[in-house]
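The structure appears below as C-alpha cells.
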Protein chains: 2
Amino acid sequence: MDQIRSYFNRFLALNDSEWADFVACCHKEPVPKKEFILRQGEVCDYIAFIGEGIFRFYYVQEGEEHVTAFFFPGDFVTNYRSFLRGNPSEHYIESLKPSVIYKIYKNDLLALYDRHKNFERLGRFIAENLYLTVAGRLDSFLHDSPENRYQELVQRNSKLLQEVPQYMLASYLGIKPETLSRIRARK
Amino acid sequence: MDQIRSYFNRFLALNDSEWADFVACCHKEPVPKKEFILRQGEVCDYIAFIGEGIFRFYYVQEGEEHVTAFFFPGDFVTNYRSFLRGNPSEHYIESLKPSVIYKIYKNDLLALYDRHKNFERLGRFIAENLYLTVAGRLDSFLHDSPENRYQELVQRNSKLLQEVPQYMLASYLGIKPETLSRIRARK
DNA sequence: TGGCTTTATTGACTTTGGTCAATGAAAAAC
DNA sequence: GTTTTTCATTGACCAAAGTCAATAAAGCCA
C-alpha cells in the first residue's frame, strides 16, 4: 500500500483521513498466472493498482490478438473506457505472472471524489497524465518506422524485453513476430 | 459562448455563478487565416475554445510536417502537454481558416479549479475524454492498415475530408500524399 | 528426464507503401 | 482574368513489412 501512496504523492499529497478513507476502499486480491481479470464483453467496474506482477491489455480481431498495453507494479490497470462509459470491454486484461492487485470499485471511487476535493483533483491529475502518456506514444509512433519504434522501446523500457514474450512485443509495436525477429537480427 | 456552455453540459451542469465566473476569464480573439496561435519553442499558457474556424496541430521533423490533430468549432485547442507541464511546445498550432477563439489562461483556470469543486470535476471529465480519444486513435493506428484507417476516418469524420487539404490528411493518417491519392483511387 | 507444446528464427515470395519525377488541376496572388 | 504557386494525380521503380512454410530453440508438464 505504501507503493500506492507514493504513486499518489507524485501528483498530490493526501492527508491522513483522506488516505484512510481510500485504504478502506481497497480490496487486495491475488491473481494466478494467465488469469483474466477482465474479459471481452464484461463491463469494467474497478481500477486496480498492481502490487506485483505483469498484465497485458489486448483485444481479438479476426482471430488475432492485438496488444495495446502492458502494466507493471506501480501502475493502475483498468479498461478506462469501459470504466468511464460503462460500455462492455473490447479488451481482455490478463496476468502474465502470478500477481497481486488492489481493486477499487467504481462506486467507491465516485464516492471518494464526492467526499474529498483533493481526490477529485487527484483523479484529474491521473487522467491528465494518462493522456500525456498515450499522446506521446501516438506521436512517437505515428511517423516512425517499426525499426525506430523498436529501438526507442529498447531505450525507454528495457524491462519489457526481458519480461514479455517477443510475439506480444511485436503486437504491441504493431508488427508481426517474424518482422520483429528480423529487426533484432539486423544488428 | 452558448456553445461552450453546451459543451460543458455534455459533462456536467454548472450553476449560474460558476458560469459567470468562467465567462469572466474568457478572452475573445479573432484569428486570421494561416496564423499561428502557438509556435514551436513557446510555452502554451492557455486553452482556447474554438467558436469558429479550424486549427491544425503539427510538428516539424527533418523538414517534414507531421500533423497530430485537427480542431473544429466546439473543441478546445491547446498543447495540453506544454500547458500542463510548462514545457516549451514541440508543436505549432495554426489556423486553416479565419477563426474566432476564446482563450482561458492557465492561472485563471487553476483559480477556477480552486474556487469551484464542480470545475475541478469538469477538468477531470475533459481530461478523461481527451484520453479516450487519443487511446482509440492509437489502437487504430497500431493495428489497422492505412487503407482501413482512411475508411474509418471517412465514416467517422467526413467533415475533415471537405475542410482539410489532402496532404495534411495524409500526414494525419501517417502516410504520404501519393499513397492517400492511390487509396482514394482504389474505388 | 523426456516428450510435448509453444515460441523464435530463417527462407522464398508477395503485397504494400515510399520515392522520384512528370503532368494536370485548382487556388491564390497580382 | 491571367499568371504563379500550390496541390493532387499518375507512372516506374524500390524498400520494407507481410505471408506461408519449414525448422530450431525454449519452456512446460508429467
Side-chain angles (χ1 to χ4, degrees), chain A residues 32-36 53-54 56 58 60-67 70 92 94-99 140-154 158 160-187, chain B residues 31-36 53-54 56 58 60-67 70 92 94-99 139-154 158 160-187:
Chain A
K33 187 174 176 166
K34 290 201 181 194
E35 180 100 344
F36 292 102
I54 306 183
R56 70 165 168 154
Y58 73 99
V60 177
Q61 201 171 58
E62 291 157 25
E64 262 186 292
E65 297 179 354
H66 297 284
V67 178
F70 297 101
Y92 296 86
E94 184 195 29
S95 65
L96 301 182
K97 311 202 317 195
S99 306
S140 97
F141 285 24
L142 189 46
H143 303 287
D144 288 353
S145 68
E147 169 122 31
N148 289 337
R149 271 180 269 156
Y150 174 72
Q151 299 300 350
E152 276 219 8
L153 186 72
V154 171
S158 60
L160 266 180
L161 304 190
Q162 285 120 37
E163 303 271 21
V164 166
Q166 209 164 294
Y167 76 96
M168 291 184 192
L169 255 183
S171 174
Y172 176 75
L173 289 168
I175 60 182
K176 299 288 151 182
E178 295 94 324
T179 302
L180 179 53
S181 177
R182 288 187 174 110
I183 287 175
R184 284 161 52 85
R186 285 216 266 272
K187 53 164 240 177
Chain B
V31 182
K33 187 173 176 167
K34 291 201 181 193
E35 181 99 345
F36 292 103
I54 306 182
R56 71 165 168 153
Y58 72 99
V60 177
Q61 200 172 59
E62 292 158 25
E64 262 187 293
E65 298 179 352
H66 298 284
V67 177
F70 297 99
Y92 296 86
E94 184 195 27
S95 64
L96 301 182
K97 312 203 314 196
S99 306
D139 251 359
S140 104
F141 177 79
L142 282 182
H143 303 293
D144 289 351
S145 69
E147 169 122 32
N148 289 336
R149 268 179 271 153
Y150 174 72
Q151 299 300 349
E152 276 218 8
L153 186 73
V154 171
S158 59
L160 264 179
L161 305 190
Q162 286 119 37
E163 303 270 22
V164 165
Q166 210 163 293
Y167 76 97
M168 290 184 193
L169 256 184
S171 174
Y172 176 76
L173 289 167
I175 59 181
K176 298 289 150 182
E178 295 94 325
T179 301
L180 179 53
S181 176
R182 288 186 175 110
I183 288 175
R184 284 160 52 85
R186 285 216 265 273
K187 53 167 236 177

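Just so we're on the same page: letters track the sequence lines, and every chain starts at 1. Bear in mind the structure is a predicted one, so any value in this text is a computation, not a measurement.
Separating the NZ atom of Lys97(A) from the P atom of dG27(D) is a distance of 14 Å, rounded to the nearest angstrom. Atom NZ of Lys176(B) and atom P of dC20(C) are 10 Å apart (whole Å). Rounded to an integer number of Å, the gap from OH of Tyr167(A) to P of dT10(C) is 20 Å. Per the geometry, CD belonging to Glu178(A) stands 17 Å off P belonging to dA24(D), to the nearest Å. Put simply, CG on Leu180(A) is 10 Å from C1' on dA8(C), counting in whole angstrom units. Atom pair Glu147(B):CD and dA17(D):C1' shows a separation of 17 Å (rounding to whole Å applied). One interatomic measurement links the two molecules: CD of Gln162(B) to C1' of dC7(D), which rounds to 18 Å at whole-angstrom precision. Residue Leu161(B) contributes atom CG, which lies 18 Å from atom P of dC7(D) at whole-angstrom precision.
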### Message
For Phe70(A) and Glu163(A): C-alpha separation, side-chain torsions, deciding distance, then whether side-chain contact (heavy atoms from CB on, under 4.5 Å) applies.
### Response
CA-CA 10 Å; Phe70(A) 297 101; Glu163(A) 303 271 21; over 6 Å; no

### Message
Test side-chain contact (heavy atoms from CB on, under 4.5 Å) on Met168(B) and Leu96(B); report intermediate values, then the result.
### Response
CA-CA 11 Å; Met168(B) 290 184 193; Leu96(B) 301 182; 3.8 Å; yes

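Using a 4.0 Å heavy-atom cutoff across all strands shown, Pro165(B) reaches sugar-phosphate atoms only and no base atom. As judged by a 4.0 angstrom heavy-atom cut-off over every strand, Lys34(B) is placed among residues making no nucleic acid contact. Counting any heavy atom pair closer than 4.0 Å across all strands shown, Pro177(B) reaches no nucleic acid atom.
The side chain of Lys33(B) contributes no N or O atom lying less than 4.0 Å from OP1 or OP2 of dA27(C). In this structure, Thr179(A) reaches the dG18(D) phosphate: one of its side-chain N or O atoms is under 4.0 Å from OP1 or OP2. Gln166(A) has no side-chain polar atom (N or O) that falls below the 4.0 Å cut-off from OP1 or OP2 of dA26(D). Between Arg186(B) and dG17(C), a side-chain N or O to OP1/OP2 separation shorter than 4.0 Å is present.
Checking dA17(D), dT19(C), dT7(C) against the side-chain heavy atoms of Arg182(B) singles out dT19(C) as nearest. Closest to the side chain of Arg184(A), out of dT10(C), dG17(C), dT9(C), is dT9(C).
Nearest heavy-atom pair across Ser95(A) and Pro32(A) is OG-O, 2.7 Å.
Among Leu173(B), Asp144(B), Ile175(B), Thr179(B), the single residue meeting the side chain to side chain contact (heavy atoms under 4.5 Å, CB included) criterion with Tyr150(B) is Leu173(B).
Using cut-offs of 30° and 60° for the angle between ring planes, the Phe36(A) and Tyr58(A) rings count as tilted.
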